[in-house]
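All chains are named by letter (A, B, ...) in the order of the sequence lines, taking the proteins before the strands, and each is independently numbered beginning at 1. Predicted model, so just to flag it, every value in this text is computed and none were measured.
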There are 2 protein chains.
Amino acid sequence: MTGRDGGADIGPIGAFSPVVILVRPQLAENIGTTARAMANGGLFHLRLVAPRDGWPQERAWYASSGADRILDAAQVFDSVDEAVADLHHVMATCPRPRHIVKTVMTARGAAAELRAISSRGLRAGLLFGPERAGLDNEDMARADILIRYPLNPNFMSLNLAQAVLIMAYEWWMACETTPPRTLMTNETHVATKGELENFLDHLTRDLDACGFLRNTQKRPGMVRNLRHLFQRGEVTEQELRTLHGVVTELSNGRKARQKQD
Amino acid sequence: MTGRDGGADIGPIGAFSPVVILVRPQLAENIGTTARAMANGGLFHLRLVAPRDGWPQERAWYASSGADRILDAAQVFDSVDEAVADLHHVMATCPRPRHIVKTVMTARGAAAELRAISSRGLRAGLLFGPERAGLDNEDMARADILIRYPLNPNFMSLNLAQAVLIMAYEWWMACETTPPRTLMTNETHVATKGELENFLDHLTRDLDACGFLRNTQKRPGMVRNLRHLFQRGEVTEQELRTLHGVVTELSNGRKARQKQD
């Protein structure tokens, strides 16, 4: 059952990655966009509890942007109890839980917990309620933990796929090792202090030659300020070569003009 | 210009929260769902660079789920240069940057940086490219920093509003203090060790009375195992009162049966 003939290669499927369980979902489009959001964050196991319009629904495949494999393998159950029977942990997303004694975690906290559960070889499920109504009290009583996203309390409205996306994103981030900041250097490298010094020597020499640094009292401070500027961020070796060229050409232009005068 | 007569009260608008800049957006619906995603994460300033179908577009308001105030205040510019002219920092989201020397940050790293910029009283902008094509090389050259989301590299496809949602969510999370895990106790409180001990005494007494602990060699271990079970998670004072009742009633039932025999 594929609406787009196979879909994308969405990468390796973790046997113990959490199962996303949509409880009584109403719109097939939302099941499709949920699959897309799952693929974004590396979640691959989808279960549907009593989907309103039955299953399969062609429209889900069209809405999934190629996450066909997730929809192809989706399992359908009549009740939450049946859908969670083989799982060891169940978490339920719930924007506004009330009158209930239950552990509540942020999406980020839950993602770390899910990684820990998965690395123990245990299976976890994530319950998402139907559009509008959300999970009912009986559904929530079947969860070990409730997940509440920290979001603008004046505007919590998320559609189903967006709710799944935030959880899938946090699941992915919980094992992500990309440094928060890096300089993408393409085919060059971050300049060493020696390479920077070499350029600053060149610049200072040419600025001496043109007279820009003729005030001997102010000269050390001026040179230091230029150094501060060029030290503020990482510079690449290639950029220093460009700067060498800039200084040389500006100097040559000045010398040429001086000759003309 | 409102399609839904006013929209939701989306909360206080931070003067120095980052500006979301949609560059050459194509579909009005995506501008509306972008506004919704912004409101979720507490971003309120929207700018549009050369929206394909002009502005305003009624359909944006219908897609925004009540984030009207953001759309009402959206500003339109002809070029990226004009849209960023009054900003101090510009970051650009870019899923697959190539052949370019630029600082790249994760969404989380960028959010922390944006909070730091904001707390210095400086204004930052976030560039999001048009659907499909994304930002072009000239757009990216106008950014100080590129933001690349860590996501499943085999399935990076995000729609515009989802890309905005992840950034808005990280902006919100960068100042969020909700503990990752908490027990929601409603109108009771987490039981003290004394309250737990009191219940375990009651249970042990009744288990002694019914003969369950008659094996004196095994008795200490059995009591300890029960203690381990009840100590595994937090228990509330109200739940302990219920458990007291459960033990008492089970005991009374047994005594009543014994009388009948």
Side-chain angles (χ1 to χ4, degrees), chain A residues 8-12 36-37 39-42 65-67 97-110 112-113 145-146 148-159 161-162 165-166 168-169 172-173 176-188 233-234 236 238-239, chain B residues 8-12 36-37 39-42 65-67 97-110 112-113 145-146 148-159 161-162 165-166 168-169 172-173 176-188 233-234 236 238-239:
Chain A
D9 175 10
I10 52 181
R36 176 185 185 174
N40 286 144
S65 295
R98 279 178 217 178
H99 307 304
I100 183 176
V101 175
K102 186 79 93 182
T103 299
V104 179
M105 301 191 78
T106 61
R108 191 160 299 170
E113 180 89 2
I145 282 171
L146 297 184
R148 185 163 38 177
Y149 301 165
L151 283 173
N152 179 1
N154 293 109
F155 198 91
M156 297 280 283
S157 151
L158 281 180
N159 71 27
Q162 285 172 320
L165 177 65
I166 285 182
Y169 169 71
W172 188 270
M173 284 298 289
E176 180 60 42
T177 56
T178 304
R181 173 194 282 265
T182 185
L183 185 68
M184 184 168 57
T185 50
N186 202 12
E187 282 166 359
T188 176
E234 290 171 322
T236 68
Q238 195 175 53
E239 287 165 341
Chain B
D9 174 11
I10 52 181
R36 176 186 185 173
N40 286 144
S65 296
R98 278 177 218 176
H99 308 302
I100 183 175
V101 175
K102 186 78 91 180
T103 299
V104 179
M105 300 191 79
T106 62
R108 191 161 299 171
E113 180 89 3
I145 281 171
L146 297 184
R148 184 162 39 177
Y149 301 165
L151 283 173
N152 179 1
N154 293 110
F155 197 90
M156 297 281 281
S157 152
L158 280 181
N159 72 28
Q162 286 172 321
L165 177 66
I166 286 182
Y169 168 71
W172 188 270
M173 284 298 289
E176 180 59 42
T177 56
T178 304
R181 172 194 284 263
T182 185
L183 185 68
M184 184 169 55
T185 49
N186 200 13
E187 283 166 359
T188 175
E234 290 170 321
T236 68
Q238 195 174 54
E239 286 166 341

(message) For A:Glu234, which atoms come within 4.5 Å of any heavy atom of chain B: side chain, backbone, both, or neither?
(response) neither
(message) So which residue, A:Thr182, A:Thr106, A:Asn152, A:Asn154, ends up with the most heavy-atom pairs under 4.5 Å with chain B?
(response) A:Asn152
(request) Work out which heavy atom in A:Asn159 is nearest to a heavy atom in B:Arg36; give both atom names and the distance. (result) N-NH2, 3.1 Å
(request) Heavy atoms only, distances under 4.5 angstrom: which of A:Gly109, A:Ala110, A:Pro150 has the most pairs with chain B? Name it, please. (result) A:Pro150
(request) First locate atom CG of A:Leu183, then atom CD1 of B:Ile145, and finally report the distance between them rounded to the nearest 0.5 Å. (result) 10.5 Å
(request) Answer yes if the side chains of A:Gln238 and A:Thr236 hold a donor-acceptor pair under 3.5 Å, and no otherwise. (result) no
(request) Find the one option among A:Pro153, A:Ser157, A:Gly42 whose heavy-atom pairs under 4.5 Å with chain B are most numerous. (result) A:Ser157
(message) Less than 4.5 Å to any heavy atom of chain B: does that hold for the side chain of A:Ala67, its backbone, both, or neither?
(response) both
(request) Select one option (side chain, backbone, both, neither) describing which atoms of A:Ile100 are under 4.5 Å from chain B's heavy atoms. (result) both
(message) I'd like to know if B:Arg181 and A:Glu113 make a salt bridge, using a cut-off of under 4.0 Å between side-chain N and carboxylate O.
(response) yes
(message) Quick check: closest heavy atoms across A:Ile166 and A:Ala107, and the distance to 0.1 Å?
(response) CG2-CB, 4.3 Å
(message) Between B:Met105, B:Met156, B:Arg108, B:Lys102, who has the most heavy-atom pairs with chain A when the cutoff is under 4.5 Å?
(response) B:Arg108
(request) List the atom of B:Trp172, the atom of B:Gly41, and the distance in Å for their closest heavy-atom pair. (result) CE3-O, 3.3 Å
(message) I'd like to verify something: which residue of A:Thr188, A:Thr103, A:Asn40 has the highest number of heavy-atom pairs under 4.5 Å with chain B?
(response) A:Asn40
(message) Need one label for A:Leu146: side chain, backbone, both or neither, based on atoms under 4.5 Å from any heavy atom in chain B.
(response) side chain
(request) Can you measure from OH (A:Tyr149) to OH (B:Tyr169) and round to the nearest 0.5 angstrom? (result) 8.0 Å
(request) Using non-hydrogen atoms and a 4.5 Å limit, figure out which bit of A:Gln162 sits close to chain B: side chain, backbone, both or neither. (result) both
(message) Using heavy-atom distances under 4.5 Å, tell me whether A:Met184 contacts chain B through its side chain, its backbone, both, or neither.
(response) both
